Amino acid sequence: MSKADALGGSATFDAVAQPLSSRAASFAAFAGHNTTSTDDTSTGLDTPRLRVDQLARNPYNPREELKAIEEMADSLTGRGVIQPLTVVTRQAFLEAHPDHDDALGPAEYVVVDGNRRLEGAKLAGLDDVPVHIDDSLAENADTLLETALTAAVQHENLDPLDEAKALQRLVEVHGSQRAVARALGKSSGWVTQRLALLKLTPDLQKAVEDKSLPVEVARRVGQLPEQQQHDAAQEALTERTENKKRRRQLSRGAYAVSTTSPAPGSGEGTKPDATTDASVSPPPVQEKDLPALAEDLRNRLTADQLEKLIELLMT
């Protein structure tokens with residue numbers, strides 16, 4: 001169920017000509033709730049569409065680089081853009097950011113959420129795209145920035161460092177990490193862990209970008225003083241490698257079968273040892289193997305299965 005479905009209909013969401021407040025519109029738009037367009041390109045219940053040459057990318061787009069545009073274009077070629085782009089009119093944007101007139105070119109609208117879809121649509125040769133138009137999202141500079149950043153953070157495919165930078169800018173807007181966590185429906189720890197990437201040394205940030213340093217490790221290391229980060233990262237990578245080896249060993253041990261070799265010249269195939277069971281229990285797990293075993297179980301079991309296993313272990 002979407003957030004919009006959970007909230008249910010209301011006079012605010014369903015009013016025909018009543019504009020949403022900036023904060024309500026921000027979250028209603030990204031929760032998938034239908035809000036009324038303020039532009040006359042909308043007719044009835046139809047989603048309005050705009051030509052791609054009428055749209056400009058948001059100069060405050062949190063994505064520093066729009067990646068995989070060709071893949072996006074390929075996916076749009078067959079069925080077009082399904083999820084509407086969230087946009088504001090040029091006039092509303094410039095009222096919040098009057099110094100960006102030249103950056104918008106001749107565009108009549110500015111994309112708040114959907115910049116990558118816009119570029120993909122252009123590359124795919126699409127003439128127009130569906131849009132959600134709501135000038136209340138550009139009520140002021142802070143609201144416009146918050147809307148774009150909140151949308152970016154909610155996209156799961158946002159690069160970790162871009163996500164961290166977006167969160168940092170949200171902290172500047174809201175005033176504290178705790179306020180950002182409340183706005184996103186996350187814990188303060190969730191925000192703190194992601195912001196830790198910005199405290200990494202430049203070489204470790206580069207390692208995160210090229211995926212040679214797992215982001216989970218990077219978030220832990222980023223909370224350490226810079227002079228300790230490199231050694232801590234190396235230790236963590238070494239530990240992960242050892243844990244993988246132990247998991248493989250544990251997996252092989254769990255399914256080990258004891259067999260005896262046939263007597264020379266007997267012509268008989270391999271037979272189980274008559275004095276022992278065919279299935280042999282693996283050797284006892286050492287305390288040093290527990291982290292590897294825990295990680296192996298997390299990879300094998302679903303969240304519900306893990307919860308059930310914990311209940312069984314506690315009984």
Side-chain angles (χ1 to χ4, degrees), residues 62-65 67-68 149 152-172 176-178 180-182 184-256 282-314:
R63 294 180 186 271
E64 293 191 351
E65 179 182 357
K67 299 179 179 179
L149 294 175
V153 170
Q154 289 176 349
H155 287 313
E156 295 181 356
N157 61 346
L158 189 65
D159 286 345
L161 283 170
D162 283 348
E163 179 186 52
K165 292 171 183 175
L167 285 170
Q168 182 58 49
R169 293 170 69 183
L170 274 177
V171 170
E172 296 169 1
S176 70
Q177 294 183 24
R178 181 175 298 181
V180 171
R182 285 198 301 267
L184 296 176
K186 304 290 186 179
S187 67
S188 295
W190 185 91
V191 176
T192 299
Q193 287 180 353
R194 280 149 181 78
L195 289 176
L197 295 182
L198 302 180
K199 299 180 181 179
L200 290 171
T201 60
D203 59 322
L204 291 179
Q205 288 191 8
K206 180 66 168 61
V208 173
E209 290 178 348
D210 60 27
K211 294 180 171 53
S212 60
L213 179 64
V215 68
E216 296 83 3
V217 173
R219 286 169 180 160
R220 294 198 303 269
V221 171
Q223 300 181 53
L224 300 174
E226 284 192 3
Q227 60 269 26
Q228 300 178 18
Q229 291 181 5
H230 186 272
D231 289 343
Q234 291 300 319
E235 291 176 6
L237 291 175
T238 300
E239 182 179 356
R240 286 172 69 94
T241 300
E242 291 300 320
N243 285 343
K244 288 181 180 179
K245 292 179 180 178
R246 290 171 185 163
R247 287 202 305 274
R248 287 196 294 268
Q249 292 170 353
L250 289 170
S251 298
R252 287 197 296 268
Y255 301 104
V285 176
Q286 302 297 318
E287 186 172 349
K288 62 182 176 63
D289 295 326
L290 291 178
L293 179 59
E295 187 170 351
D296 184 48
L297 290 173
R298 283 194 295 269
N299 291 334
R300 289 169 176 266
L301 304 179
T302 65
D304 290 339
Q305 290 172 331
L306 284 172
E307 185 176 348
K308 180 63 176 178
L309 176 60
I310 293 172
E311 291 178 1
L312 292 173
L313 290 173
M314 296 298 292

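In what follows, residues are counted from 1 in the order of the sequence shown. Keep in mind that the numbers below use all heavy atoms, side chains included, and drop hydrogens, waters and symmetry copies. The structure presented is a predicted model; accordingly, all values stated were derived computationally and were not measured.
- Separating the CZ atom in Arg169 from the CD atom in Glu172 is a distance of 8.0 Å, to the nearest 0.5 Å.
- Put simply, the side chain of Thr241 does not reach to within 4.5 Å of the side chain of Lys244, judged on heavy atoms.
- Counted within 6.0 Å of CD on Glu242, heavy atoms from surrounding residues, nucleotides or ligands total more than 12; the atom is thus considered enclosed.
- Looking at every heavy atom in both residues, Leu297 comes nearest to Leu309 through CD1-CD2, 4.1 Å.
- Atom CG of Asp203 is separated from atom NZ of Lys206 by 10.5 Å, given to the nearest 0.5 angstrom.
- Counting only distance, with no hydrogens or angles, the side chain of Asp210 and the backbone of Ser212 share a donor-acceptor pair below 3.5 Å.
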Listed pairs under 3.5 Å, donor-acceptor, residues 220-230 side chains, sequence neighbours left out:
residue	atom	partner	partner atom	Å
Gln223	NE2	Arg219	O	3.3
Gln229	OE1	Thr201	N	3.0
Gln229	NE2	Lys199	O	3.1
Gln229	NE2	Leu224	O	3.0

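- To the nearest 0.5 Å, atoms CG (Leu200) and CG (Leu161) are separated by 7.5 Å.
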Name every donor-acceptor pair, under 3.5 Å, that has one atom in a side chain of residues 186-197 and the other anywhere in the protein, sequence neighbours excluded.
residue	atom	partner	partner atom	Å
Ser187	OG	Trp190	N	3.1
Thr192	OG1	Gln177	OE1	2.9
Thr192	OG1	Ser188	O	3.0
Arg194	NH1	Trp190	O	3.2

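- Considering every non-hydrogen atom in both Ala164 and Leu198, the closest pair reads O-CD1, 3.6 Å.
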